[in-house]
Protein chains: 2
Amino acid sequence: MKKTMKPGPATKPTTSAPLEPKRRPTINDVARLANVSKKTVSRVINQSPFVNKDTRERIDAVIKELGYAPDPVARGLASRRSYLIGLIYDNPNPQHVIDTQQGILDIIRGSGLELVVHPCNRRDKDFLAGVRGFIDRQKLAGVILPSSVSEDEELVALLREADTPYVRIASVLLDSEENSIVTHDREGARQAAEHLAGLGHKVIAHVSGPDTFRSSHERRAGFVEGLKSAGLALDKKLDLRGGYTFQSGIEAGRRLMATVSRPTAVFCGNDEMAAGVCQAIRETGLDIGKDVSVVGFDDSPLASRMWPALTTVLLPIRASGRMASVRLLGDRLTKEPLEEDDQGEVHPRLVVRASSGPAPKG
Amino acid sequence: MKKTMKPGPATKPTTSAPLEPKRRPTINDVARLANVSKKTVSRVINQSPFVNKDTRERIDAVIKELGYAPDPVARGLASRRSYLIGLIYDNPNPQHVIDTQQGILDIIRGSGLELVVHPCNRRDKDFLAGVRGFIDRQKLAGVILPSSVSEDEELVALLREADTPYVRIASVLLDSEENSIVTHDREGARQAAEHLAGLGHKVIAHVSGPDTFRSSHERRAGFVEGLKSAGLALDKKLDLRGGYTFQSGIEAGRRLMATVSRPTAVFCGNDEMAAGVCQAIRETGLDIGKDVSVVGFDDSPLASRMWPALTTVLLPIRASGRMASVRLLGDRLTKEPLEEDDQGEVHPRLVVRASSGPAPKG
DNA sequence: TCCCTTATTGCTACCGGTGTCAACGCCTAA
DNA sequence: TTAGGCGTTGACACCGGTAGCAATAAGGGA
């Protein structure tokens with residue numbers, strides 16, 4: 001409301017008047033008013049135990065009075081570690097990214113840390129160079145690797161070399177526990193299989209994600225486990241590979257619909273592909289949830305907005321983001337994390353909707 | 001691959017051997033090797049014109065040889081301005097957020113700037129306090145305000161006060177041109193109306209977003225304009241207000257389907273609501289695209305994955321993110337921005353799919 | 001030849017914190 | 001009385017840059 005945005009010459013007070021341009025208080029101001037050295041103030045803001053109680057209280061009072069907050073940039077410079085958390089991802093699924101961001105922010109909000117996002121493309125040849133630039137330009141306080149990149153060992157090696165703390169979110173334990181959040185995708189897939197078997201389906205197809213993702217294997221494995229516990233097996237001809245994309249789902253769906261022994265149910269590695277399969281089913285004039293049941297994975301917004309709404313496996317992504325942050329930051333956090341955010345693992349849950357129904361008779 | 005992640009005491013070399021722990025080169029290293037003062041190096045990296053050509057070349061050579069890159073944290077401290085761009089948003093639409101992020105990153109990638117995200121909730125009472133904390137903790141290089149928050153004048157006032165550059169992305173010009181990207185939502189809505197009128201529809205309903213968003217008004221206004229140009233008018237009883245949510249779309253759809261003069265087409269303020277309206281239509285057993293045509297707005301992923309696929313208005317969000325970044329950073333960018341990213345405005349485009357068809361006869 | 005201008009460069013003081021280490025006061029044990 | 005130990009505190013250098021201004025060299029006109 002005061003002046004222009006342009007970086008031009010600031011309107012300097014012509015007189016050397018006492019009114020200064022509303023500078024933020026610094027550690028020096030606090031030190032002066034509390035009549036201590038700035039080092040002692042530094043101790044207080046860093047919660048050092050070697051400060052006399054009275055002194056601490058006096059300083060705290062001044063801090064509050066001044067509304068002082070330490071400058072993260074200066075702190076970063078002096079301590080060689082910024083107050084930034086990096087989120088590296090390579091994800092076609094926006095909801096997934098947003099949920100992860102949200103989970104991280106749930107935890108770091110109020111602690112003076114900020115979230116810096118760094119999307120990347122693992123197929124780019126200079127992908128690693130990009131990440132390297134990112135992490136050692138900003139000396140990140142830590143990096144969170146959601147499932148889309150957490151399996152990349154080169155990337156992780158890079159972080160280790162750069163001495164940057166990290167947490168990997170993955171379907172299985174890939175690393176030490178303190179560096180990991182495990183999402184147990186397998187369990188969710190098993191539930192899906194049991195659900196379909198319980199509805200009486202015998203001929204059940206699977207459309208998996210790309211082989212390069214661990215999660216594809218986990219989901220298939222869980223699915224097979226679930227079938228097995230119901231006395232069923234996965235027919236190789238009904239085990240198709242997709243690419244986690246809508247288009248690949250359409251293609252897989254068309255192939256399945258053209259099979260001689262057409263399946264009465266299809267379990268897909270994610271919701272995108274499930275939507276594609278649904279489209280293929282529609283093209284043949286069959287009824288989803290009646291003639292053919294479909295189950296997805298992720299519980300993306302799409303799942304609940306489709307018609308019929310998609311039965312799917314909900315993965316608590318936001319919670320995994322929270323956990324990853326707690327793992328990463330631990331004691332640096334101001335407020336004590338909730339116990340539920342300190343588990344280190346997350347469990348999927350089946351959400352039954354209209355796209356899955358009893359197996360058709362005959 | 002070298003040592004543990006724990007912040008514990010680093011493995012110091014026991015001997016004061018010549019091998020140092022691979023420190024990043026600093027401006028001092030460059031200065032020493034180029035045999036100049038660090039101020040001159042600083043001039044070179046800041047592209048000051050007051051440097052002799054030979055000197056500059058010598059320094060550039062050393063910089064390249066060392067692989068030197070200035071430390072953004074130190075720079076930030078000294079120049080009181082960080083190398084961080086803030087993205088503040090309050091958006092239920094993940095695709096929108098991701099696209100905006102992507103657009104910003106398209107531009108800042110390689111320039112040493114980073115993107116910090118700050119979601120917020122405008123209904124929280126301490127929303128402004130949160131933002132204030134954010135912007136003056138990190139002295140941001142600039143802030144980008146996508147449509148979900150760009151209309152908040154209090155927020156903008158805050159940024160002005162804090163002398164933080166910003167760019168607002170909005171459906172109309174709300175501010176000076178240099179602080180704005182205009183998305184012209186109105187044009188898109190007009191196209192939608194003309195499309196439906198062209199298909200022979202006479203009774204066309206509208207489900208708008210909340211009144212608190214300028215975009216709701218713009219979209220309705222454009223829609224009315226389009227109808228008018230086709231000799232039609234918007235029946236007040238068929239002009240419903242939603243909340244930009246799926247649920248509100250369902251409710252509006254149900255009400256419309258129960259109207260005496262049931263509309264043969266519905267234009268919705270966004271795709272979420274359009275999906276809701278589709279659901280309501282389905283509940284009544286009517287055919288989407290045949291009995292009732294539906295048009296959305298946004299071209300979210302949902303639109304192309306629904307069945308039938310949704311006719312909608314595509315808003316080039318990513319491009320608007322790019323433009324906003326160019327506006328914001330201008331000369332700070334290393335590479336010259338493409339001309340197309342320097343327009344300051346973006347135009348929506350109708351995408352025709354299966355959810356809109358000829359008006360039913362009779 | 002001398003002074004002034006212009007082009008280029010370096011000195012020195014910061015920016016706002018943290019790390020190291022010495023110093024100080026007071027209490028206890030010898 | 002003195003040495004040692006603990007709890008506290010501050011002086012000072014430093015992190016890696018930028019800012020202001022003086023210093024220096026070269027060129028031009030009187």
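Naming convention: chains lettered A, B, ... in sequence-line order (proteins, then strands); numbering from 1 in each chain. Being a predicted model, the structure only gives us computed values, none of them experimental.
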What is the distance, to the nearest angstrom, from the [atom1] atom on [X] to the [atom2] atom on [N]?
X: A:Arg137; N: D:dG16; atom1: CZ; atom2: C1'; value: 16 Å
X: B:Ile45; N: D:dA19; atom1: CD1; atom2: C1'; value: 14 Å
X: A:Arg75; N: C:dG17; atom1: CZ; atom2: P; value: 8 Å
X: A:Arg56; N: D:dT8; atom1: CZ; atom2: P; value: 10 Å
X: A:Arg81; N: D:dG16; atom1: CZ; atom2: P; value: 13 Å
X: B:Arg58; N: C:dT8; atom1: CZ; atom2: C1'; value: 12 Å
X: B:Glu57; N: C:dT8; atom1: CD; atom2: C1'; value: 16 Å

So that I can tick it off, tell me whether [Y] and [X] are bridged by a salt bridge, with the cut-off set at under 4.0 angstrom between side-chain N and carboxylate O.
X: A:Arg160; Y: A:Asp175; answer: yes
X: A:Glu151; Y: A:Arg168; answer: no
X: B:Arg24; Y: B:Asp71; answer: no

Taking OP1 and OP2 of [N], is either one under 4.0 Å from a side-chain nitrogen or oxygen of [X]?
X: B:Asn52; N: C:dA7; answer: no
X: B:Arg80; N: C:dC15; answer: no
X: A:Thr40; N: D:dT9; answer: no
X: B:Tyr68; N: D:dG17; answer: yes
X: A:Asn28; N: C:dG17; answer: no
X: A:Ser37; N: D:dG10; answer: yes
X: A:Ser42; N: C:dG17; answer: no
X: B:Thr55; N: C:dT8; answer: no

Where the side chain of [X] is defined as all heavy atoms beyond and including C-beta, which of [options] is the nearest nucleotide?
X: B:Phe50; options: D:dT18, C:dT9, D:dG17; answer: C:dT9
X: B:Arg43; options: D:dC21, C:dT18, C:dC21; answer: D:dC21
X: B:Ile27; options: D:dT18, C:dT9, C:dG19; answer: D:dT18
X: A:Ala78; options: D:dT18, D:dC15, C:dT9; answer: D:dC15

Scan B:Val73 against the nucleic acid and name what it touches under 4.0 Å (heavy atoms): base, sugar-phosphate only, or nothing.
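Nothing, no nucleic acid heavy atom in range.
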By the 4.0 Å heavy-atom rule, please label A:Val51 as base, sugar-phosphate, or nothing.
sugar-phosphate
Matching residue for A:Arg32 among A:Asn28, A:Asn35, A:Asp29 - test: side-chain hydrogen bond (donor to acceptor under 3.5 Å, both in side chains):
A:Asp29
Tell whether B:Lys39 reaches the base of D:dA19 with its side chain through a donor-acceptor pair below 3.5 angstrom.
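Such a pair exists between side chain and base.
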Can you find a donor-acceptor N/O pair under 3.5 angstrom joining the side chain of B:Lys38 to the base of C:dG10?
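Absent.
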Shortest non-hydrogen contact from B:Phe50 toward B:Arg43:
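Result for this residue pair: O-CD, 4.1 Å.
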Determine the minimum heavy-atom distance between B:Ser48 and B:Val51, stating which atoms define it.
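Reported closest heavy-atom pair: O-CG2, 3.9 Å.
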